[in-house]
Amino acid sequence: MAPQRGETTLVNRSIASTEEKEWRPVLLRVPNGYKRVREVWIPALIHRWTLTTLGLLVLFLCLQFLIPARLVIGGLGAVGRPSVAVGIMLAFLWVLSAVRAHRLPAGTQPIRWVIGLYVGLQLLGNVIGFDRLPSAAEASSADRWLIFTAAIAGVALVTADGLSTRLELDRVLLTVVALASVMSIIGVLQFAGIVDITQYIKIPGLHANADLIGISARGDGGFPRVASTANHFIEFGVVLALVLPIALHYALFSPPGRTRVWRWLGVSLVALGIPLSISRSAILTVVVTMGLMAIVWPWRQRYNALVIGVMATAVFHLVNRGVLGTIRSLFTNAENDTSVTDRIARTDYVIDLWSLRPWLGRGAGMVTPEEYILLDNQVYMTLLAGGVVGVAGLVLFFLVPYLMGRSIRLRGKDQETRHLGQALAVSMPAALMASATFDSFSFATFVGVVCIIIGAIGALWRLDGTSPTNEIQLAAPGDRFVATPLAANFRERIGAAWAASRPRNYGRGKFDKKTPNASDGDASGPSTINTDVTPQTLATRRGRRRT
């Protein structure tokens, strides 16, 4: 039965008052008509099914991890992945929210400036590239690059500005861990020769723009090298290595019971898939992330992590004999590895081509293997495409989020927040290092995970109220996983050390005179000499004298 006019007015007022109390801004505002239908008539098919920012981010992650990277929408090439389409929609929603008043969180959000600078440099590079009259292939590549740039910008910005609570942020990051675990399971099944699930994934409307990478062999033993749903073996290992600190964080801070078991299982699965890629880049990424995580841990936690790591390595060696030896030979026999020598040999080519356009490069997205050579190094590609300015923008793209995460680690309100800030921050230098070992921005899963982490840093920064002016937090007596920062109470500790090192008669002056005793005709008391005068005491006495 339809509501009467008076009832409709009350419903409208109720909805208006609810909107005033809602967290603002909202990236996906539900129309008032839909709210009236849902709250008054409550149809069963649409009740409780409202599209949210969290839902769109989860959808993006599912499409990114679960669909093989080479299945794309026809006619769009490499940027035709369904996850890229969702990223474009997220960018549109963020811009729509930005142009409307009070639709984005108030206050400073450095992630917006980082993404804005990066997008601006890509647009500038596009103009520069077309100004030199590129070939048709270069122009087409540049257009695809702009589409991809808009998608990754949308993902990072919506994650930073669209998550309204800490619970939503945790759900997004736990979804990343869960999907990375699933991707690792697919890789384990490939490695064991049980089944290659990627060969059986067929989705209407999607077709393979290239042959699926499948399973390769590496080393003298011909050990299988797997990529799961990623576009390459290196991408598979590096993505899992970037997710590992996040998985470890939620396992360490999980409540006892079944939840803790599932989260530690996720850590095990993510860690298990990394060596199956048999990739130097993946191993180096693990070393960087875990090394930076160990910086914030107390010594007891470092010992625990070391013991667990050694035991896990031993078990893996017993189960998969020869794999670790193959990985070790990637480093010890690097001078005879063609993948290393070829990259070194390309340096002269890169320097010669860069010298022709050193500052702004040849155009964003226009340096392709088809037109030039396979560089297999994102830093080199950025140097040729964007010049020195482009490389500076790439470094800032990783550096600023890292500094923000470190600021959260130093100034977070509680131990869990500080540890999460560090777990997110360590992915940035690791990702930059990995970008110097392969052309990372040519792989959508890698870039998607990086942008989710960058957005998560921005969201945590905003939700925790972090600011460089906040006081550095000390470790509480019960904190087990985060030690007191070295920079905490720096001035006080230096002052105390200086005071402790001074001679005991240092500073004796007019305020430290012998007090007359009774023998001098004064009944004020015995003679005392103050030999331990502190700067605080002197300041207090000066204040009293002025008064």
Open item on the list: If we ignore hydrogens and angles and just use 3.5 Å, is the side chain of T289 paired with the main-chain N or O of S427 as donor and acceptor?
Closed with: no

Task: Residue pair V182 / F65, side-chain heavy-atom distance below 4.5 Å - done: no

- [ ] Taking all non-hydrogen atoms of both residues into account, name the closest pair between I274 and L244 and its distance.
- [x] CD1-CD2, 4.2 Å

- [ ] Evaluate the side-chain proximity of M404 to I111: yes if any heavy-atom separation is below 4.5 Å, no if none is.
- [x] yes

Open item on the list: With a 3.5 Å distance limit and no angle check, can you tell me whether E168 reaches the backbone of S164 through a side-chain donor-acceptor pair?
Closed with: yes

Open item on the list: Would you say CZ of R171 has more than 12 non-hydrogen atoms from neighbouring residues, nucleotides or ligands within 6.0 angstrom?
Closed with: no

TODO: Would you check, one step at a time, whether the test side chain to side chain contact (heavy atoms under 4.5 Å, CB included) holds for V296 with R406?
DONE: CA-CA 10 Å; V296 305; R406 285 289 299 167; 3.9 Å; yes

Open item on the list: I'd like to know if the side chain of H249 pairs up with that of Q422 as donor and acceptor (distance under 3.5 Å, no hydrogens or angles considered).
Closed with: no

Open item on the list: Nearest 0.5 angstrom please: R260 CZ to L265 CG, how far?
Closed with: 14.5 Å

Task: Ring center gap for F253 and F481 short of 6.0 angstrom - done: yes

Open item on the list: Using side-chain heavy atoms (C-beta onward) and a distance below 4.5 Å, is I73 in contact with L206?
Closed with: yes

Open item on the list: If you define the side chain from C-beta out and look only at heavy atoms, does anything of V288 sit under 4.5 Å from V426?
Closed with: no

TODO: State, yes or no, whether a side-chain contact exists between T382 and F441 at a heavy-atom distance under 4.5 Å.
DONE: no

TODO: Identify the two heavy atoms, one from A69 and one from V72, that lie closest to each other, and give their separation to 0.1 Å.
DONE: O-CG1, 4.2 Å

TODO: Might you confirm whether atom CZ of F92 has over 12 heavy atoms from other residues, nucleotides or ligands at distances under 6.0 Å?
DONE: no

Task: A294 backbone acceptor or donor facing R302 side chain under 3.5 Å - done: yes

Task: Nearest atoms (heavy-atom pairs only) where I213 meets A230 - done: CG2-O, 4.3 Å

Open item on the list: With rounding to the nearest 0.5 angstrom, report the OG to CZ distance, S181 to R263.
Closed with: 12.0 Å

- [ ] Check whether any side-chain N or O of R225 sits under 3.5 Å from a backbone N or O of S277 as a donor-acceptor pair, and report yes or no.
- [x] yes

Task: Pairwise distance CG(L420) to CG(L252) - rounded to 0.5 angstrom - done: 11.5 Å

- [ ] Begin from the C-alpha positions of Q190 and D196 and carry the test side-chain hydrogen bond (donor to acceptor under 3.5 Å, both in side chains) through to its verdict.
- [x] CA-CA 5 Å; Q190 290 176 334; D196 185 2; 2.6 Å; yes

Open item on the list: Could you check whether any side-chain heavy atom of L179 comes within less than 4.5 Å of a side-chain heavy atom of Q64, counting everything from C-beta outward?
Closed with: no

TODO: Show the numbers, then the answer: is there a side-chain hydrogen bond (donor to acceptor under 3.5 Å, both in side chains) between R411 and S407?
DONE: CA-CA 6 Å; R411 300 172 175 85; S407 184; 3.2 Å; yes

- [ ] Could I get the full list of side chain to side chain contact (heavy atoms under 4.5 Å, CB included) partners for L121, not counting sequence neighbours?
- [x] L117, V389

- [ ] Kindly say whether P255 contributes a backbone atom to a donor-acceptor pair with the side chain of T259 at under 3.5 angstrom?
- [x] no

Open item on the list: Under a 3.5 Å distance rule, please check whether S268 uses its side chain to pair with a backbone N or O of W264 as donor and acceptor.
Closed with: yes

Task: Separation between CG of L432 and OG1 of T437, rounded to the nearest 0.5 Å - done: 10.5 Å

- [ ] Only one of F397, F398, W113 passes ring pair (Phe, Tyr, Trp, His ring centres under 6.0 Å) with Y118; say which it is.
- [x] F397

Task: V177 and V243: CA distance, side-chain angles, deciding distance, side chain to side chain contact (heavy atoms under 4.5 Å, CB included) verdict - done: CA-CA 6 Å; V177 175; V243 176; 4.1 Å; yes

TODO: Report the distance from atom CD of Q122 to atom CZ of F148, rounding to the nearest 0.5 Å.
DONE: 11.0 Å

TODO: Evaluate the side-chain hydrogen bond (donor to acceptor under 3.5 Å, both in side chains) criterion for residues D170 and Y250: first the C-alpha distance (whole Å), next the side-chain angles of each, then the deciding distance (0.1 Å), finally the verdict.
DONE: CA-CA 9 Å; D170 290 336; Y250 283 104; 2.7 Å; yes

Open item on the list: Run the side-chain hydrogen bond (donor to acceptor under 3.5 Å, both in side chains) test on R343 and N377 for me, step by step, so that the C-alpha distance in whole Å, both residues' side-chain angles and the decisive distance to 0.1 Å come before the verdict.
Closed with: CA-CA 8 Å; R343 289 169 179 166; N377 185 318; over 6 Å; no

TODO: Report yes if the side chains of I278 and I327 come closer than 4.5 Å at any heavy-atom pair, otherwise no.
DONE: yes

Task: T159 to L57 - nearest heavy-atom pair and separation - done: OG1-CD2, 3.5 Å

Open item on the list: Is it the case that the side chain of Q473 and the backbone of E471 share a donor-acceptor pair, with hydrogens and angles ignored and the cut-off at 3.5 Å?
Closed with: yes

- [ ] Kindly check if the number of other-residue, nucleotide or ligand heavy atoms within 6.0 Å of CG (L486) is above 12?
- [x] no

Task: Closest non-hydrogen atom pair between G87 and F60, with its separation - done: N-CD1, 4.4 Å

Task: Under-4.0 Å salt bridge between R166 and D464 - done: no

Open item on the list: How long is the straight-line distance from CD1 of I283 back to CG of L324, given to the nearest 0.5 Å?
Closed with: 8.0 Å

Open item on the list: Please check: side-chain N/O of S254 versus main-chain N/O of A251, any donor-acceptor pairing under 3.5 Å?
Closed with: yes

Task: Trace of the side chain to side chain contact (heavy atoms under 4.5 Å, CB included) decision for L56 with L93 - done: CA-CA 11 Å; L56 285 176; L93 292 173; 3.6 Å; yes

Open item on the list: Checking the side chain of T326 only, and the main-chain atoms of G322 only, is there a donor and an acceptor separated by less than 3.5 Å?
Closed with: yes

Task: Intermediate values then yes/no, side chain to side chain contact (heavy atoms under 4.5 Å, CB included), V172 and L163 - done: CA-CA 9 Å; V172 169; L163 298 178; 4.1 Å; yes

- [ ] For residues A475 and T484, report the shortest heavy-atom separation together with the two atoms involved.
- [x] N-OG1, 3.1 Å

Open item on the list: Take a 6.0 Å sphere around CH2 of W262 and say whether it holds more than 12 heavy atoms from other residues, nucleotides or ligands.
Closed with: no

Task: R418: salt bridge (charged side-chain N to carboxylate O under 4.0 Å, His left out) partners, not counting sequence neighbours - done: D479

Task: Min side-chain heavy-atom separation M290-V286 under 4.5 Å - done: yes

Task: T285 side-chain N/O to S281 backbone N/O, donor-acceptor pair under 3.5 Å - done: yes

TODO: For the residue pair Q378 and S435, confirm or rule out a side-chain donor-acceptor distance under 3.5 Å.
DONE: no

Under 3.5 Å, which donor-acceptor pairs do the side chains of residues 443-455 form with other protein atoms, sequence neighbours left out?
unit_1 : atom_1 : unit_2 : atom_2 : d
T445   : OG1    : R81    : NH1    : 3.2

